[in-house]
Protein chains: 2
Amino acid sequence: MCPSRIQLRAGQLLYQQGRPALAVYPLRKGSIKNMFESSLGWRQITSFTLAGDVLGLEAHDSTAHTTSAIALQDASCCVVPVESLRMQMRLPEFRAMVLDTLRRNTERERTLLVAIGSMKAAQRLAMLLLDLAGEHGRRGGGDSLTLAMSRNDIASYLGLTLETVSRLLSRFASAGLITVRHKLLRIVDQGGLAAVYADASHLPDPHGTAARGTVHASRQAA
Amino acid sequence: MCPSRIQLRAGQLLYQQGRPALAVYPLRKGSIKNMFESSLGWRQITSFTLAGDVLGLEAHDSTAHTTSAIALQDASCCVVPVESLRMQMRLPEFRAMVLDTLRRNTERERTLLVAIGSMKAAQRLAMLLLDLAGEHGRRGGGDSLTLAMSRNDIASYLGLTLETVSRLLSRFASAGLITVRHKLLRIVDQGGLAAVYADASHLPDPHGTAARGTVHASRQAA
DNA sequence: CGCAAAATTGATGAATTTCAATACATGTGG
DNA sequence: CCACATGTATTGAAATTCATCAATTTTGCG
């Protein structure tokens, strides 16, 4: 079904930021993290890509890759060389699909920017979990999913530290929103998570000590 | 020199996120802030555009604007309808220029993401000031420039509060890095600012109390 | 089985937000 | 032109969130 195919082991690099983009890579199996490295050497995970999505599209018209792609687990993907892509791009509906994918990606990235820029840690994590669960569901997966990425990757993506992520997962669990067991995640109360996403004060305090719902609205209201 | 032209007063909207993108707008005079609003209603300034840059390009191929553009001061820009743009895009060198602009913008946005996600407030502000000064210089401006945007806009852009921005500007000034007088900014010690950007511990403490250079490296080293 | 990496949990501290009060600027109408 | 009103900026003090440091625990792997 694909001219050629690439198999990746966990941790392997599919492509590297700055290297010429010679192809795009529809991901067939596994999952990938995309890492951006700024000119000063600061790194951050900018997205997670799941099977079914296409990697490497963001390089506008045959230039260098703008991020590095690293397998989170054993993965495989097709290889569509740029010439082939360019051919396909003549078909209006294919074109439309690609452009739509690009749009969704930039929308996603901007949403991440806003989240990191003005939402609290709990909201950011809730956002990611809902997002992952949504994608998982859309792919027909059951209600329990695997977090292929490490806590560190999650932390990097959300602009947090791994400890904060770990603590929040525990808090979410003890609040009855999710179940986590290392890499195994289950969303128990989607609405509750959505409420946390919308407003961090919906999350009960660490033990049972203090009261709920401080008046402080978060930095920006709708 | 331009088929048609738009004049904007400070605060006026050039285009609005979600509305159909009918043209692109080379900015001739003044400056613009670009604001993104997420589906939950959270807003953030995602970029500042100065005279000479082109607005509205980011809408991939004639769809909706992905941000809103608001004049920071009285401004004027050309209007290049999409059909006209599409014609021009056939010229390879024009195409290349546009794509290069797009690339620089996404690079910039990613750098902002990383900054907000993992750098301290002082570093972020130093980044912005250096950036603004650089653009100002590139346009042949003197060494003193005008911050057209409010402290609030700066704060939104950097994922901070206006108070933090104000305080940091004061600290930068008392550290001899800059001079600020409300909207008037002068970079006094560019190297010093760059050092702060690279490593926030280069910034002296609030008064003269404590020592410099704590051992704590920031979250990510090069 | 044991080692190394990853994750959890706790205690502490620092950076930044929040709240609050004041100063400064800008524009409006008398 | 001044006085006033309003929005914007500065500065301070207190509170909060999150990072850092540190100690275990758990997991995955050779």
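Sequence lines set the chain letters: A, B, ... in the order given, protein chains first and strands last, and positions in each chain run from 1. Because the structure is predicted, anything quoted here is derived from the model rather than measured.
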Looking only at atom types and distance, does a side-chain atom of [X] sit under 3.5 Å from a main-chain N or O of [Y], one as donor and one as acceptor?
X: A:S174; Y: A:R171; value: yes
X: A:Q17; Y: A:T67; value: no
X: B:T106; Y: B:R103; value: yes

Q) For the side-chain contact (heavy atoms from CB on, under 4.5 Å) test, which of A:R124, A:K33, A:M149 pairs with A:I154? A)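 In the set A:R124, A:K33, A:M149, the residue that makes a side-chain contact (heavy atoms from CB on, under 4.5 Å) with A:I154 is A:M149.
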
Q | Listed partners of B:S31 passing side-chain hydrogen bond (donor to acceptor under 3.5 Å, both in side chains), at least two apart | A |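 Per chain and number, B:S31 pairs via side-chain hydrogen bond (donor to acceptor under 3.5 Å, both in side chains) with B:Q73.
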
Round to the nearest Å and state the distance from [X] atom [atom1] to [N] atom [atom2].
X: B:D199; N: C:dA15; atom1: CG; atom2: P; result: 12 Å
X: B:L184; N: D:dT8; atom1: CG; atom2: C1'; result: 16 Å
X: A:R167; N: D:dC18; atom1: CZ; atom2: P; result: 11 Å
X: B:Q123; N: C:dA15; atom1: CD; atom2: P; result: 11 Å
X: B:R171; N: D:dT10; atom1: CZ; atom2: C1'; result: 15 Å
X: B:I116; N: D:dC18; atom1: CD1; atom2: C1'; result: 17 Å
X: A:L169; N: C:dT9; atom1: CG; atom2: P; result: 10 Å
X: A:L162; N: D:dA19; atom1: CG; atom2: C1'; result: 11 Å

Q: If a pair satisfies side-chain hydrogen bond (donor to acceptor under 3.5 Å, both in side chains) and one of its residues is in residues 127-136 of chain B, list it, with sequence neighbours excluded.
A: B:R108-B:D131, B:R108-B:E135, B:E135-B:R138, B:E135-B:R139

**Q.** Donor-acceptor pair between A:N152 and A:S150 side chains, under 3.5 angstrom
**A.**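 Checked: A:N152/A:S150 side chains show no N/O donor-acceptor pair below 3.5 Å.
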
(Q) Measuring only between side-chain heavy atoms, which start at C-beta, is B:Q44 closer than 4.5 Å to A:S118? (A)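 Heavy-atom side-chain distance check passes, below 4.5 Å.
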
(Q) How bent is the helix from C:dC1-D:dG30 to C:dG30-D:dC1, measuring the angle between the end axes built from five pairs each, rounded to 10°? (A) 40°

For residues 45-57 of chain A, dump all side-chain donor-acceptor pairs below 3.5 Å to protein atoms at least two apart in sequence or in another chain.
unit_1 : atom_1 : unit_2 : atom_2 : d
A:T46  : OG1    : A:N34  : O      : 3.4
A:T49  : OG1    : A:N34  : OD1    : 3.3

Q | D:dT20 phosphate, OP1 or OP2, under 4.0 Å from A:T161 side-chain N/O | A | no

Q.
Whether A:S166 contacts C:dT9 is assessed here as follows: a side-chain N or O lying under 4.0 Å from the phosphate OP1 or OP2. Is that the case?
A. no

Q | A:E163 side chain, from C-beta outward: closest of D:dA22, C:dA15, D:dA19 | A | D:dA22

Q: Kindly determine whether B:R43 and B:F36 satisfy side chain to side chain contact (heavy atoms under 4.5 Å, CB included), including the steps that lead there.
A: CA-CA 6 Å; B:R43 300 166 164 205; B:F36 175 74; over 6 Å; no

Q | Residues from residues 141-153 of chain B lying under 4.0 Å of DNA chain D - heavy atoms | A |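 B:S150, B:R151 - these, ordered by number, are the residues of the stretch whose heavy atoms sit under 4.0 Å from the strand.
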
(Q) Working note: B:R110 + B:E107, criterion side chain to side chain contact (heavy atoms under 4.5 Å, CB included); need CA distance, chi angles, decisive distance, verdict. (A) CA-CA 5 Å; B:R110 287 231 174 89; B:E107 164 99 7; 5.9 Å; no

Measure all distances between protein nitrogen or oxygen atoms and nitrogen or oxygen atoms of nucleotides 25-29 of chain D, and list the pairs falling under 3.5 Å.
unit_1 : atom_1 : unit_2 : atom_2 : d
D:dT27 : OP1    : A:H182 : ND1    : 3.4

